Novice: 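Okay, handing you the structure first.
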Amino acid sequence: MTDPRPEVDNQLRLDLLREALPYIQRFKGQTFVVKLSGKVTENHDNLASLAEELALLHQVGIRLTVVHGGGKQLSDLASKLGIQQTIIEGRRVTDDATLEMAKMIFAGKINTDILAALRQRGIEAVGLSGVDGNIVHAERRPPKQITNRETGVSAQVDFGHVGDVVQINSRLLTVLLDTGYLPVISSLGADDDGMVFNINADTIAAEIAVRLQAEKLILLSDVDGIYLHAGVPETKLSHLTAAEADELVSSGRATGGMVPKLQSIAALLRRGVHSAHIISGNKRNALLSEIFTNEGTGTMIVA
């Protein structure tokens, strides 16, 4: 008897292509900004899989800009070198030694690893930091009053060489995108005096998405969406609007680290980006499923 499974598998693949077609037609020529966390780029096989998905998006005519962080790799290098790291309320204090490591890790190893993975898939990618072409014009973050959530004690903290984005200069990015290249940008920026700063990669990705009038900002990390209650699958939020995100915050249903994330995404959508997605960068095909299927895999927030 002939095994019917190969025919069923083939039909399933063809059905998936049919489902993807209207999305391909809709998004061809549109701009997506994709942010990769350090946790999803540290594993070679996972990065290779992600590069394959990015290559497919690029090949069907989506204008991609990739932004990456590298906090995990930076912490690992600091540990190997015996350089003490100070992280306060999830934010890293960047002293002189940490900035030098950030330059090596962000604009060096991680950026090159991503380019190599894309090169393997035949994609002409260009590695940049926010310092190149003055893409990310930044200023030093002033000392801030930080309250310890556990003790309630407040203290003024100087974050060192940490920068805040002042302006995005998209001219170089537009030239690259218009000529078919895929820019890959590490999370560094500089001021008018050439002082280099370590900048949150989510912030850079969001600001670039606004400047490029992107259709989507896609955040790939080690979580597969936003949950009302961490670790409780049925509380995952698959789809919500910016207004609903605001309501979650104002009503107190959103708590902890979800609050600033929802607030920043809602603000981003009010500045012109059509949708933001939070998905897992460690699940094979999660990116393709989020874009080309009706169900998706993570949390989608729309204006």
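Keep in mind that what you see is a predicted model, and the values were worked out from it rather than measured. One-based numbering along the sequence shown.
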Novice: Is there a side-chain contact between Q263 and V249 (heavy atoms, below 4.5 Å)?
Specialist: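 Yes; the side chains approach each other to less than 4.5 Å.
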
Novice: Has R270 got more than 12 heavy atoms of other residues, nucleotides or ligands less than 6.0 Å from its CZ?
Specialist: yes

Novice: Does any part of the side chain of M104, heavy atoms only, come nearer than 4.5 Å to the side chain of L77, both counted from C-beta?
Specialist: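 L77 reaches M104 side chain to side chain.
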
Novice: Would you name the heavy atoms of S129 and A107 that are closest together and state the gap between them?
Specialist: CB-CB, 4.3 Å

Novice: Testing the basics here: between T299 and G225, what is the closest heavy-atom pair and its distance to 0.1 Å?
Specialist: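 Shortest heavy-atom separation between T299 and G225 comes out as OG1-CA, 3.3 Å.
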
Novice: Yes or no on side chain to side chain contact (heavy atoms under 4.5 Å, CB included) for R271 and E207, after CA distance, side-chain angles and deciding distance?
Specialist: CA-CA 10 Å; R271 296 170 65 196; E207 292 299 325; 2.9 Å; yes

Novice: Report yes if the side chains of P183 and L177 come closer than 4.5 Å at any heavy-atom pair, otherwise no.
Specialist: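 Yes, at least one pair of side-chain atoms sits under 4.5 Å.
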
Novice: Sequence neighbours left out, cut at 3.5 Å: what donor-acceptor pairs do the side chains of residues 53-65 make with other protein atoms?
Specialist:
from	atom 1	to	atom 2	distance (Å)
E53	OE1	L287	N	3.2
E53	OE1	L288	N	3.3
E53	OE2	N285	N	3.0
H58	NE2	G180	O	3.4
R63	NE	T31	OG1	3.4
R63	NH1	D178	OD1	3.0
R63	NH2	D178	OD1	3.1

Novice: Is a side-chain N or O of T293 found less than 3.5 angstrom from the main chain of G296, in a donor-acceptor match?
Specialist: yes

Novice: Give the minimum heavy-atom separation between M300 and S275, together with the two atoms involved.
Specialist: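 Taking every non-hydrogen atom into account, CE-CB, 4.0 Å.
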
Novice: Is there a path of hydrophobic side-chain contacts, each under 4.5 Å between heavy atoms of I, L, V, M, F, W or Y residues, that connects I226 with L240?
Specialist: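 Yes, I226 connects to L240 through the hydrophobic network.
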
Novice: Taking distance alone, no hydrogens or angles, what donor-acceptor pairs closer than 3.5 Å link side-chain atoms of residues 185-197 to residues at least two apart or in another chain?
Specialist:
from	atom 1	to	atom 2	distance (Å)
D191	OD1	D193	N	2.9
D191	OD1	G194	N	3.1
D191	OD1	M195	N	2.9

Novice: In this structure, would I199 and L173 fall into the same cluster of hydrophobic residues linked by side-chain contacts under 4.5 Å?
Specialist: yes

Novice: Salt bridge (Lys or Arg N to Asp or Glu O under 4.0 Å): which pairs involve residues 273-285, sequence neighbours left out?
Specialist: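 Every salt bridge (Lys or Arg N to Asp or Glu O under 4.0 Å) pair that includes a residue of residues 273-285, provided the two are not neighbours, is D224-K283.
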
Novice: So among I135, N111, V136, which one has a side-chain contact (heavy atoms from CB on, under 4.5 Å) with L128?
Specialist: I135

Novice: What closest approach, in Å, do A242 and L269 show between heavy atoms, and which atom pair accounts for it?
Specialist: CB-CD1, 4.1 Å

Novice: Would the distance check show the side chain of N46 and the main-chain N or O of G281 forming a donor-acceptor pair, the cut-off being under 3.5 Å?
Specialist: yes

Novice: Is the backbone N or O of N294 less than 3.5 Å from a side-chain atom of E19, with the two atoms forming a donor-acceptor pair by type?
Specialist: yes

Novice: Quickly, which of V34, I265, I208, L268 forms a side-chain contact (heavy atoms from CB on, under 4.5 Å) with L217? Name it, please.
Specialist: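 By the side-chain contact (heavy atoms from CB on, under 4.5 Å) criterion, L217 pairs with just one of V34, I265, I208, L268: L268.
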
Novice: Hey, quick one: are V162 and I83 part of the same hydrophobic cluster, counting side-chain heavy atoms closer than 4.5 Å, chains of contacts allowed?
Specialist: no

Novice: Of all the heavy-atom pairs spanning R140 and G160, show the shortest one and how long it is.
Specialist: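 For R140 and G160, the tightest heavy-atom pair comes out as CZ-O, 3.3 Å.
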
Novice: How long is the gap from CZ on R26 to CD1 on I291, to the nearest 0.5 Å?
Specialist: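 Atom-to-atom, R26:CZ and I291:CD1 are 11.5 Å apart.
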
Novice: Step by step, would you call D76 with K72 a salt bridge (Lys or Arg N to Asp or Glu O under 4.0 Å)?
Specialist: CA-CA 6 Å; D76 289 347; K72 174 66 165 58; 3.0 Å; yes

Novice: Which pair of heavy atoms, one from N169 and one from G133, lies closest together, and at what distance?
Specialist: ND2-O, 3.6 Å

Novice: State, yes or no, whether a side-chain contact exists between H274 and Q213 at a heavy-atom distance under 4.5 Å.
Specialist: no

Novice: Give a yes or no on whether K216 atom NZ has more than 12 heavy-atom contacts from other residues, nucleotides or ligands under 6.0 Å away.
Specialist: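 Enclosed.
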
Novice: Could you walk me through whether L21 and L17 pass side chain to side chain contact (heavy atoms under 4.5 Å, CB included), step by step?
Specialist: CA-CA 6 Å; L21 178 59; L17 284 173; over 6 Å; no

Novice: Give, for atom CZ of R141 and atom CG of D164, the distance between the pair rounded to the nearest 0.5 Å.
Specialist: 4.0 Å

Novice: Are L219 and I279 packed together at the side-chain level, in the sense that at least one heavy-atom pair is separated by less than 4.5 angstrom?
Specialist: no

Novice: Do the side chains of L50 and V126 join up, straight or via other hydrophobic residues, at under 4.5 Å, putting them in one cluster?
Specialist: no

Novice: Just verifying a value: how many Å separate N282 CG and N43 CG, rounded to the nearest 0.5 Å?
Specialist: 8.0 Å

Novice: Does anything in residues 10-43 form a ring pair (Phe, Tyr, Trp, His ring centres under 6.0 Å)? List the pairs, not counting sequence neighbours.
Specialist: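 Checked against ring pair (Phe, Tyr, Trp, His ring centres under 6.0 Å) - neighbours excluded - the pairs reaching residues 10-43 are F27-F32.
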
Novice: Provide the full list of salt bridge (Lys or Arg N to Asp or Glu O under 4.0 Å) pairs with a residue in residues 104-129, sequence neighbours left out, each pair given once.
Specialist: E52-R121, K109-D113

Novice: Do V33 and L176 sit in one hydrophobic cluster, given that two such residues count as connected whenever their side-chain heavy atoms are within less than 4.5 Å of each other, even indirectly?
Specialist: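 V33 clusters together with L176.
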
Novice: Side chains of H68 and V184, heavy atoms from C-beta outward: is any pair under 4.5 Å?
Specialist: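 Side-chain contact under 4.5 Å: yes.
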
Novice: More than 12 foreign heavy atoms under 6.0 Å from NE2 of H239: is that the case here?
Specialist: yes

Novice: Looking at side-chain heavy atoms only, is the closest gap between Q156 and K144 below 4.5 Å?
Specialist: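 In short, these two side chains do not touch, never coming nearer than 4.5 Å.
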
Novice: Would you be so kind as to tabulate the donor-acceptor pairs closer than 3.5 Å made by side chains of residues 90-100, with sequence neighbours excluded?
Specialist:
from	atom 1	to	atom 2	distance (Å)
R92	NH1	S75	OG	3.3
R92	NH1	Q85	OE1	2.7
R92	NH2	G71	O	3.1
R92	NH2	S75	OG	3.0
T94	OG1	N198	ND2	3.1
D95	OD1	A97	N	3.4
D95	OD1	T98	N	2.8
D95	OD1	T98	OG1	2.7
D96	OD1	H161	NE2	2.5
T98	OG1	Q85	NE2	2.8
E100	OE2	K103	NZ	3.2

Novice: Closer than 3.5 angstrom, by distance alone: can the side chain of R211 be matched with the main-chain N or O of S170 as a donor-acceptor pair?
Specialist: no

Novice: Check whether any side-chain heavy atom of V67 lies under 4.5 Å from a side-chain heavy atom of L36, and answer yes or no.
Specialist: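 Heavy-atom side-chain distance check fails, nothing below 4.5 Å.
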
Novice: When you look at OH of Y181, are more than 12 heavy atoms from neighbouring residues, nucleotides or ligands closer to it than 6.0 Å?
Specialist: no

Novice: Verify, without hydrogens or angle tests, whether E290 (side chain) and G298 (backbone) share a donor-acceptor contact under 3.5 angstrom.
Specialist: yes

Novice: Please report the interatomic distance CD(Q30) to CD(E215), rounded to the nearest 0.5 Å.
Specialist: 5.0 Å

